[in-house]
Asker: 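Pasting a structure here, questions to come.
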Amino acid sequence: MSNTLITTLIQIQKTSDLKPWTEQQWIDYLALTTTKLYLDNQDDPHAYLIVQEILPEIEIIELVVDTTFQQKGIGFDLLHKLFEHAQKNKIHSIFLEVSTHNQKAINLYKKSNFVQINTRPNYYLEKSGIKADAYVLVWYNKNLDKSAQN
Ligand SMILES: CC(C)(COP(=O)(O)OP(=O)(O)OC[C@H]1O[C@@H](n2cnc3c(N)ncnc32)[C@H](O)[C@@H]1OP(=O)(O)O)[C@@H](O)C(=O)NCCC(=O)NCCS
């Protein structure tokens, strides 16, 4: 993983309200064999989706679209790249946590067929110092043959 890419990922993350990772955290995270990184554009990325794949499940760690490039369908397209991968690789489900205050992301995930299965109270500490609950959302691979799930 090149330093240039990590610098770009850090810049994209900084445009969001999410807790920033250090360069070393990015290096360590990307070195894990279970980590998968999706970019909107390999040459000049403006958005990333980072996941942990521990078969037969995937956990979404972060999805960030640079603020300048939001509301152009990029977040939706990145999730669809992940769904295609899940369908090809017999992934059963994709999980994530999202702040109950993050309406943009909740709308995106609901539009992408995630369903709420749980709520984690006081899961996030926001920059303002306010605590926010997290929804646990899941996307089920409906194309998976029932017999393959056993
Ligand atoms: C959430 C986020 C990834 C959406 O990315 P995006 O590329 O702007 O989203 P898209 O253009 O693909 O929009 C898809 C859907 O998301 C929802 N959405 C996106 N922007 C929205 C906004 N400003 N207000 C309300 N809903 C919004 C809508 O449901 C939209 O569908 P629609 O266009 O049919 O209404 C982006 O806002 C972001 O990076 N936010 C900061 C980081 C973050 O909070 N990530 C999620 C937690 S890990």
Side-chain angles (χ1 to χ4, degrees), residues 1 4-89 91-143:
M1 195 65 59
T4 317
L5 176 58
I6 290 176
T7 305
T8 304
L9 295 172
I10 287 172
Q11 282 167 357
I12 296 169
Q13 191 182 46
K14 271 191 187 152
T15 71
S16 78
D17 288 334
L18 303 177
K19 193 172 174 215
W21 300 355
T22 64
E23 186 173 347
Q24 192 57 49
Q25 282 174 309
W26 275 106
I27 292 168
D28 293 345
Y29 217 86
L30 292 170
L32 295 173
T33 54
T34 48
T35 299
K36 282 195 168 22
L37 178 70
Y38 295 84
L39 301 172
D40 60 318
N41 175 330
Q42 298 301 318
D43 299 327
D44 186 17
H46 301 293
Y48 66 82
L49 168 62
I50 187 163
V51 306
Q52 282 289 307
E53 181 173 291
I54 300 174
L55 294 172
E57 289 170 359
I58 288 178
E59 182 181 6
I60 292 182
I61 305 301
E62 252 182 33
L63 167 61
V64 182
V65 179
D66 183 318
T67 42
T68 317
F69 293 85
Q70 288 182 7
Q71 293 191 274
K72 296 178 191 296
I74 293 176
F76 190 73
D77 287 350
L78 278 174
L79 283 177
H80 276 261
K81 279 190 196 174
L82 185 63
F83 298 154
E84 275 175 32
H85 169 80
Q87 277 154 358
K88 278 189 195 142
N89 292 279
I91 300 291
H92 290 190
S93 46
I94 303 173
F95 287 87
L96 62 90
E97 279 130 8
V98 61
S99 165
T100 55
H101 296 171
N102 192 347
Q103 198 55 51
K104 288 195 277 190
I106 293 166
N107 290 351
L108 168 62
Y109 293 130
K110 293 263 165 91
K111 181 180 168 179
S112 305
N113 296 324
F114 281 82
V115 291
Q116 185 189 334
I117 55 162
N118 202 352
T119 305
R120 301 207 162 124
N122 299 326
Y123 191 77
Y124 295 104
L125 181 61
E126 296 184 340
K127 279 181 183 167
S128 59
I130 292 172
K131 287 185 177 169
D133 297 347
Y135 290 134
V136 182
L137 305 183
V138 63
W139 173 91
Y140 294 109
N141 186 354
K142 291 186 180 137
N143 291 350

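Reckoned from all heavy atoms, side chains included, excluding hydrogens, waters and symmetry mates. Atoms within a ligand are numbered from 1 in the order they appear, just like the ligands themselves.
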Asker: Using a heavy-atom cut-off of under 4.0 Å, does the side chain or the backbone of Q70 touch ligand 1, or both, or neither?
Answerer: both

Asker: Hey, is atom 29 (O) of ligand 1 under 4.0 Å from any protein heavy atom?
Answerer: yes

Asker: Taking distance alone, with N or O pairs closer than 3.5 Å, would you say Q103 contacts ligand 1?
Answerer: no

Asker: I'd like to know whether ligand 1 has N102 as a neighbour, heavy-atom separation below 4.0 Å.
Answerer: yes

Asker: Under 3.5 Å between any N/O of L63 and any N/O of ligand 1: does that happen in this structure?
Answerer: yes

Asker: Take T34 and E53 through the test side chain to side chain donor-acceptor pair (under 3.5 Å) and record every step on the way to the result.
Answerer: CA-CA 5 Å; T34 48; E53 181 173 291; over 6 Å; no

Asker: Among all protein heavy atoms, pick the one closest to atom 12 (O) of ligand 1 and tell me residue, atom and distance.
Answerer: F76 N, 2.9 Å

Asker: For Y124, does the six-membered ring have the charged nitrogen or CZ of K131 within the cation-pi criterion, i.e. under 6.0 angstrom from the centroid and within 45° of the normal?
Answerer: no

Asker: Go through the steps for T100 and Q103 under the test side chain to side chain donor-acceptor pair (under 3.5 Å), then give the verdict.
Answerer: CA-CA 7 Å; T100 55; Q103 198 55 51; over 6 Å; no

Asker: Just checking K81: does its NZ atom have more than 12 heavy atoms from other residues, nucleotides or ligands closer to it than 6.0 angstrom?
Answerer: yes

Asker: Would one find an N or O of K72, backbone or side chain, under 3.5 Å from an N or O of ligand 1?
Answerer: yes

Asker: Mark up the atoms of ligand 1 that fall under 4.0 Å of a heavy atom belonging to V64, in ascending order.
Answerer: 39 (O)

